[in-house]
K.L.:
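Following this message is one structure expressed as structure tokens.
Numbers restart at 1 for each chain; the letters A, B, ... are given by sequence-line order, proteins then strands.
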Amino acid sequence: MADPLSLVNDLLLPVFADIAGQPADPVVRPSDRADAQVNGALPLAKQLGTNPREIAQRVVDSGALANVCSDVEIAGPGFINLTFADSFLGAELGAVAVDDRLGISPDPHPRTVVIDYSAPNVAKEMHAGHLRTTVIGDALVRMLEFGGHTVIRENHIGDWGRPFGMLIEHLLDIGEDVAAEGMQQGDLDGFYKAANAKFTDDEEFQARARDRVVKLQSYDPETIALWERLVEMSTDYFNQVYDKLGVLLTDDDLMGESKYQSVMPVAYERLRAAGLIEESDGAEVVFPPGFTNRDNEPLPLIVKSRTGAFMYATSDLACVLDRVERLQADLLLYVVGAPQAQHFQMVFAVAKMAGWLTDDVDAVHIPFGSVLGDDRKMLRSRTGGAVKLVELLDEAVERAAEAVADKNPDLDDDERAEVARTIGIGAVKYADLSTDRIKDYVFDWDRMLAFEGNTAPYLQYAHARICSIFRRADVERTSVRSTAIDLGEPQERELAKRLLAYPTALADTLATYSPHKLCTYLFDLAQDFTSFYEHCPVMKADEPTRASRLALCDLTARTLEHGLGLLGITAPEAM
RNA sequence: GCGCCCAUAGCUCAGUCGGAUAGAGCAACGGAUUUCUAAUCCGUAGGUCCCAGGUUCGAGUCCUGGUGGGCGUGCCA
């Protein structure tokens, strides 16, 4: 870890242990009165029944920080304020500058992670509701992979169940070519609604649909072929959206409900063999302790309905079983909306009762709030329907294109189109990622596309400006990476400290699966940079300051690009 | 009824394991531009951290009880 704060922590641990007679937290924190502050003397003094300033003095006298700090002073009741030595910061930066991983070590305990996200339904439109799970999931995947974990993406699409009888019959009615044409153009809802309308109005169709479901569930070859065709049309369309959005999901990640049909009976039998299943109101259920319904009676997880059908809880239990035993995963992540919280609690509880989830395996629901419109209700289109995700993305790019044309008319058409795509999509993703995921957020074009404030364009702009400096200076970026960095100006020190905090920012982000923490860090970094940019001329500076500042610029640009990359956002070189 | 989540500046949001004086951005006001991309920067102003207790040397943060809002609470997924 390159972060001076964690280094100071490491240096002080033995000192505090020595004073306390047992391990004690030095409580190293960032400070607005110095570079860092050490607060651990206060609780320790309480514990030992001595004077906190006295303990602080012993910490200072230990000399543990001699090579790191140019100033160490005790303040107030026993805080220790630290000022890092410029030489120390410079040396740390030097180490990061030559590191392709920007100071971040792979996780020493790599895990096998299965992450479940996106999950659109076949023959249904991808709408704004799919944005968060897809974007947050994608960012987490990128961060986990960078951390050295084995990540298995699972796109649990809705590709099985009763509606497929009517969908397949409708497919036969209108013909494959017509259906494929419609879906290629993104009209999935039209297909679904037409099928549904016939199902409600037409008894003959209804009967055909019912027969078709039976055929599907018995894997009748002709029916399966039609079903596959239908799934393929939809996934082709999903891939268009994923491509536009710039996420990692491909056909290889598809792991729909159909794939678990054969696992559900296994899961069911094992629950039965374990004696967990009870009969209740005709259904077969498991009662995990601690859950009650509105009448204060035990709340069941229904594994098999009165009619003998497996339920969605069964499907999720089958997923746990499959992911733990076949894939040997030891971390299961579910990027699914907050309303599903109780459902996952119950599924995990039952999986633990069954012994599928053990102490070595963690299952984590990663909940998120809703995307709201101006009216603070779920985002809807003017007509009141769901907002198509593609339309939302296209509008983002259009709006970005207008802004780019306005701000930088020098770009040629191709370049402008590409930059607009990068900015527009980046803005949508960043708006989604930059606030605490548990909260609802209001979708606001003007705010997310503003080139000021905590937005993707602001971060991208900072990056583009740095690239511009190197173009102007005609200096190869890689050539400055072994340059000694000198920190004379306060803005340089602030920037330097921020750059060194990158590993901590990423670790904090991953510890709680909260991408907004990385966003906050990158925004702070961009602000520190622009402040530096205003106050510290680079090209006009004399050597060796010029070279030192170029090195700072390069490292800043790399950190911005890398951090945005982990969020699934591209940093253009010009905009 | 019970459970989960949310409440911080006019607006949108951060706030790390409990640390000193609660921070950004937007909007408002006042400055900076023969530019390294001003898509920017500097400054001013703006607070009952929903309320009331409690724990603590110290609470926006932890605990208890409320208020307001959202969601969930057996045979859809």
K.L.:
Remember a base hit wins even if backbone is also touched, and classify Arg465(A) as base, sugar-phosphate or nothing at under 4.0 Å, heavy atoms.
P.N.:
sugar-phosphate

K.L.:
Give Arg376(A) one of three labels, base, sugar-phosphate or nothing, depending on what nucleic acid heavy atoms sit under 4.0 Å from its own.
P.N.:
sugar-phosphate

K.L.:
On a whole-Å scale, what distance lies between the P atoms belonging to rC41(B) and rA27(B)?
P.N.:
12 Å

K.L.:
Represent RNA chain B in dot-bracket notation, 5' to 3'. Only Watson-Crick or G-U wobble pairs with both distances under 3.5 Å count; pseudoknot-style crossings use [ ] and interstrand partners use |.
P.N.:
(((((((..((((.....[...)))).(((((.......))))).....(((((..]....))))))))))))....

K.L.:
Which sits closer to the 5' end of RNA chain B, Phe523(A) or Glu257(A), going by the nucleotide each is nearest to?
P.N.:
Phe523(A)

K.L.:
Give me the distance, rounded to whole Å, that separates rG68(B) from rG30(B) when you measure between the C1' atoms they each carry.
P.N.:
39 Å

K.L.:
Assign each of Pro298(A) and His535(A) to its nearest nucleotide of RNA chain B by heavy atoms, then name whichever residue's nucleotide is nearer the 5' end.
P.N.:
His535(A)

K.L.:
So, the side chain of His156(A) versus the backbone of Glu257(A): is there a donor-acceptor pair under 3.5 Å, distance only?
P.N.:
no

K.L.:
Give Ala450(A) one of three labels, base, sugar-phosphate or nothing, depending on what nucleic acid heavy atoms sit under 4.0 Å from its own.
P.N.:
nothing

K.L.:
Nearest-Å distance, CD (Glu534(A)) to P (rA39(B))?
P.N.:
11 Å

K.L.:
Using a cut-off of 4.0 Å on non-hydrogen atoms, how would the nucleic acid contact of Pro30(A) be classed: base, sugar-phosphate, or nothing?
P.N.:
base

K.L.:
Determine the contact category for Val27(A): base if any of its heavy atoms lies under 4.0 Å from a base atom, sugar-phosphate if only primed atoms, P, OP1 or OP2 are that close, otherwise nothing.
P.N.:
nothing

K.L.:
Side-chain N or O of Arg437(A) versus OP1/OP2 of rC13(B): is the shortest distance under 4.0 Å?
P.N.:
no

K.L.:
Could you measure between the two P atoms, the one in rG47(B) and the one in rA24(B), and give it in whole Å?
P.N.:
15 Å

K.L.:
How far, in whole Å, is rG54(B) from rG18(B) if one measures between their C1' atoms?
P.N.:
15 Å

K.L.:
Any side-chain N or O of Lys124(A) less than 4.0 Å from the OP1 or OP2 oxygen of rA77(B)?
P.N.:
no

K.L.:
Mind checking Pro339(A) for me? I need base, sugar-phosphate or nothing, with any heavy atom below 4.0 Å counting as a touch.
P.N.:
sugar-phosphate

K.L.:
Sticking with atom P, work out how far rA14(B) lies from rG25(B), rounded to a whole angstrom.
P.N.:
16 Å

K.L.:
Rounded off to whole Å, could you give me the CD-to-P distance for the Gln527(A) and rG25(B) pair?
P.N.:
5 Å

K.L.:
Can you tell me if Thr435(A) touches the phosphate of rC13(B), counting only side-chain N or O atoms and a distance under 4.0 Å to OP1 or OP2?
P.N.:
no

K.L.:
When we call it a touch if two heavy atoms are under 4.0 Å apart, what does Leu299(A) touch: a base, just sugar-phosphate, or nothing?
P.N.:
sugar-phosphate

K.L.:
By the 4.0 Å heavy-atom rule, please label Ser434(A) as base, sugar-phosphate, or nothing.
P.N.:
nothing

K.L.:
I'd like to know whether the aromatic ring centres of Phe348(A) and Tyr334(A) sit less than 6.0 Å apart in this structure.
P.N.:
yes

K.L.:
Name the nucleic acid region contacted by Gln460(A), choosing base, sugar-phosphate or nothing; use a 4.0 angstrom heavy-atom cut-off, strictly under.
P.N.:
nothing

